[in-house]
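Here is the structure we will look at, set down as structure tokens.
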Amino acid sequence: MKNRELSEIFEKIGDILEFKGDSSFRVNAYRKAARVLQDLTEDIEVIQREGRLRSIPGVGEGIAKKIAEYLETGRMSKYEEVRRGISDELIKLMSIPGVGPKTVALVHEKLGIENIEGLERAVREGRLRDLPGLGAKKEENILKGIKLLQEAGKRISIGVALPLVERIMDGLKRRAKVKQVYPAGSLRRMKETVGDIDILTTGAEGGKIIEAFTSAPGVKEVLACGETKGSIIAEGGIQVDLRVVPQESYGSALQYFTGSKAHNIHLREIAKSRGMKISEYGIFRGEERLGGEREEDIYSILGLSYIPPELREDRGEIEAAQEGKVPQLVEESQLRGDLHVHSQWSDGTATIEEIALKAKEMGYEYIAICDHSQSLKFAGGVSVEDMAKKLDQIDRLNRGLKGIRILSGTEVDIRTDGTLDYPDELLERLDLVIAAIHTGFKQPEEQITQRIISALENPHVDIIAHPTGRLISSREAYNVNMGEVLSKAAETQTALEINAYYDRLDLNDVGCRRAMELGVKLSIGTDAHHLDQLWMVRLGVAVARRGWVGPEQILNTWPLERLLVWLKKRSG
DNA sequence: GCCGTTTTCGGCCCGACTGTTTTCAGTCG
């Protein structure tokens, strides 16, 4: 898959052209192409072979030629041409908040500045204030910007941001008179990571609401505190913005601040073509205000069906809404069980009984206990002998417990040679077999892919867990050819897991969408090792929704009987 | 560079803030 490489090249061309002062429309064209390639569910090489490059939105004659050139020769002459004499460090100057292409070009040309250190030195020596359009104040802001860039907290997982924002909103409701409080931005779209958090609220006394927000416990730093907007750094170094908006434009503000940017731009283009205009204040025809109090207004006035926030990435959802074909997405309430939980038998902290009772309390019909297999010593892998005892225990519990069914499972390791870490005779006795890679992450693509293919070919394997192995905070995905894995999974009718653990979220949204298009079944599992991690199922549902997945595709929306029949048929 | 229920040429999203200006350019979300 060269999709990612091409996306990065076009992004870079966009950056360099912007720096060079090229037409902003051309810059945007490259950036759009970069984004579309990033989100593409199909392999760009396949599309190229079949002569369909031009059918990709945002890919016209010029970009199609460049893609073809790169795929055929491994090089792109346009890229090589624009980056001549331009260093990465120079381009990086544009990432300083408050510093854009014009400023970089100016200091580069007039002062010969090449990197952040050079810029900082020039500012300290007071050499910037003599340049046209720059002054002492701007110098000060650049220093602040450099500091901000260096301290900038990385993006954090949605699984970390969500509990944080809920605490903040609860506190706000207690401490101030707010009518509505709702998160917006990437958090509302449930993107897998968020860079900052936006919260929207309505209420009569804006100043007091902002005051309550900025003086709340847990606030590390107050960046702004006005009548309509407050901005803080919360624990963990993440920035949180609160905006108070008038009731009559609450819907349009929510729509506007939810984004994504690309989605909003596309909507405004449609509005414009129909003689209307959208802003955070409402939707207008000339002076006449057509709506804005409710978010749904914006979509319905444009003749679109409502688009759930998780889909708003300009990945085709607007076209779907024009045709009334927005998919029915899976909902958390439709899940009947969690298919990946660890108990004390391996490295979990709860007993099977405690897990089962908690699952029942959560309204589940079933819960799958999937402990690690024998050779994973560091994770307390269960030996073959212990597995027999564990199965007895599950049988006993199932006879005693009412209203919840414990499924006996395992997360069996796919060893470095592609064999599984339990004999087939044992796997056959289990209700559910999840297979996963936990070792040999550095192997080359063919080898890793072949390991997973071998697992997929084993008739006892029902699900492949965390198919790419990435950890959001710390580890890249291993080299796996996901195209081959998906085709094989479709062929063997094996499910792929959406691992809902906050640091994994693996498959991700684009992976889910590819799976769905190929008819590959999915399962959602929290990979919980504690009872208080079972809530993360929400995150898995969010990934599925962002991947356009409906309930039918997901094993654990099925009633117990149907799931058991499917599992039995497979292993036979 | 892309794209077309006005267009194959001439458009290309919207508003706010900041700082340096005296009417506006640059940057941001």
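By convention in this document, chain letters (A, B, ...) are assigned in the order of the sequence lines, proteins followed by strands, and residues within each chain are numbered from 1.
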Round to the nearest Å and state the distance from A:R26 atom CZ to B:dC2 atom P.
10 Å

When you check every protein heavy atom under 4.0 Å of nucleotides 20-29 of chain B, what one-letter string (B, S, -) results, 5' to 3'?
SS----SSSB

Rounded distance in Å between the P positions of B:dC28 and B:dT23
26 Å

Which of residues 63-72 of chain A have a heavy atom under 4.0 Å from DNA chain B?
A:I63, A:K66

Separation of B:dC2 atom C1' from A:F10 atom CZ, nearest Å, is 13 Å

For the C1' atoms, the ones on B:dA16 and on B:dG10, what distance do you get once it is rounded to whole angstrom?
28 Å

Passing candidate, salt bridge (Lys or Arg N to Asp or Glu O under 4.0 Å) with A:E42, options A:R513, A:R514, A:R52:
A:R52

Given A:R289 and A:E248, is the side-chain contact (heavy atoms from CB on, under 4.5 Å) satisfied, shown in steps?
CA-CA 11 Å; A:R289 189 188 149 92; A:E248 67 270 19; 3.9 Å; yes

What's A:N28 touching, base or sugar-phosphate or nothing? Going by heavy atoms closer than 4.0 Å.
nothing

For atom NZ of A:K272 and atom P of B:dG11, their distance in whole Å
10 Å

A:Q553 side chain vs A:G550 backbone, donor-acceptor pair below 3.5 Å
no

What integer number of Å spans the C1' atoms of B:dT7 and B:dC12?
13 Å

Distance check, C1' atoms only: B:dG15 and B:dT8, in whole angstrom units.
32 Å

Taking the basic N atoms (NZ, or NE/NH1/NH2) and the acidic carboxylate oxygens, is any pair closer than 4.0 Å for A:E166 and A:R538?
yes

Interface polar pairs with nucleotides 3-9 of chain B, N/O, under 3.5 angstrom:
residue, atom, partner, partner atom, Å
B:dC3, OP1, A:G58, N, 2.8

Partners of A:E5 by side chain to side chain donor-acceptor pair (under 3.5 Å), sequence neighbours excluded?
A:Y70

May I ask you to say whether A:R75 pairs ionically with A:E80, meaning some side-chain N is under 4.0 Å from a carboxylate O?
yes

Strictly below 4.0 Å, N to O, side chains only: are A:R315 and A:D39 in salt-bridge contact?
yes

What residues form a side chain to side chain donor-acceptor pair (under 3.5 Å) with A:S260, not counting sequence neighbours?
none

In terms of the angle between their ring planes, are A:Y306 and A:Y299 parallel, tilted or perpendicular, with boundaries placed at 30° and 60°?
perpendicular

Kindly indicate whether the side chain of A:E11, heavy atoms from C-beta on, has any atom under 4.5 Å from the side chain of A:Y30.
no

Residue set satisfying side chain to side chain donor-acceptor pair (under 3.5 Å) with A:R4, at least two apart, ordered chain then number -> A:E8

Members of residues 290-306 of chain A that approach DNA chain B, where some heavy atom sits under 4.0 Å away:
none

side-chain contact (heavy atoms from CB on, under 4.5 Å) between A:L329 and A:L311: does it pass, once the steps are laid out?
CA-CA 10 Å; A:L329 303 177; A:L311 295 187; 3.9 Å; yes

In a table with atom names and distances, give each donor-acceptor pair under 3.5 Å that connects a side chain of residues 101-119 of chain A to protein atoms at least two apart or in another chain.
residue, atom, partner, partner atom, Å
A:H108, ND1, A:I113, O, 3.1
A:N115, OD1, A:E117, N, 3.4
A:N115, OD1, A:G118, N, 2.8

According to the Watson-Crick and G-U wobble definitions, with both distances under 3.5 Å, which nucleotide is paired to B:dG10?
B:dC3

Nearest-Å distance for atom pair CZ/C1', residues A:F25 and B:dC12
5 Å

In whole angstrom, give me the gap between the P atoms of B:dG26 and B:dT22.
15 Å

What is the nucleic acid contact for A:I278, judged by heavy atoms within less than 4.0 Å: base, sugar-phosphate only, or nothing?
sugar-phosphate

Rounded to whole Å, CD of A:Q255 lies from C1' of B:dC14 at a distance of 12 Å

In whole angstroms, the gap separating P of B:dG15 from CG of A:N264 amounts to 13 Å

Whole Å only: how far is the NZ atom of A:K229 from the P atom of B:dA16?
13 Å

Mind checking whether A:N264 and A:R312 have side chains closer than 4.5 Å, heavy atoms only?
no

Sorted by chain and number, sequence neighbours left out, side chain to side chain donor-acceptor pair (under 3.5 Å) with A:R175 holds for A:S215

Please set out all donor-acceptor pairs under 3.5 angstrom arising from side-chain atoms of residues 194-206 of chain A, sequence neighbours excluded.
residue, atom, partner, partner atom, Å
A:T201, OG1, A:Q180, O, 2.8
A:T202, OG1, A:Q180, N, 3.3
A:T202, OG1, A:Q180, OE1, 3.1
A:T202, OG1, A:Q247, OE1, 3.4

Distance-only criterion, 3.5 Å: show the donor-acceptor pairs between side-chain atoms of residues 271-284 of chain A and protein atoms not counting sequence neighbours.
residue, atom, partner, partner atom, Å
A:S273, OG, A:I270, O, 2.7
A:R274, NH1, A:L302, O, 2.5
A:S279, OG, A:Y281, N, 3.0

For DNA chain B, which residues in residues 11-22 of chain A have a heavy atom at a distance below 4.0 Å?
none

For nucleotides B:dT20 and B:dT27, find the distance between their C1' atoms and express it as a whole number of Å.
14 Å

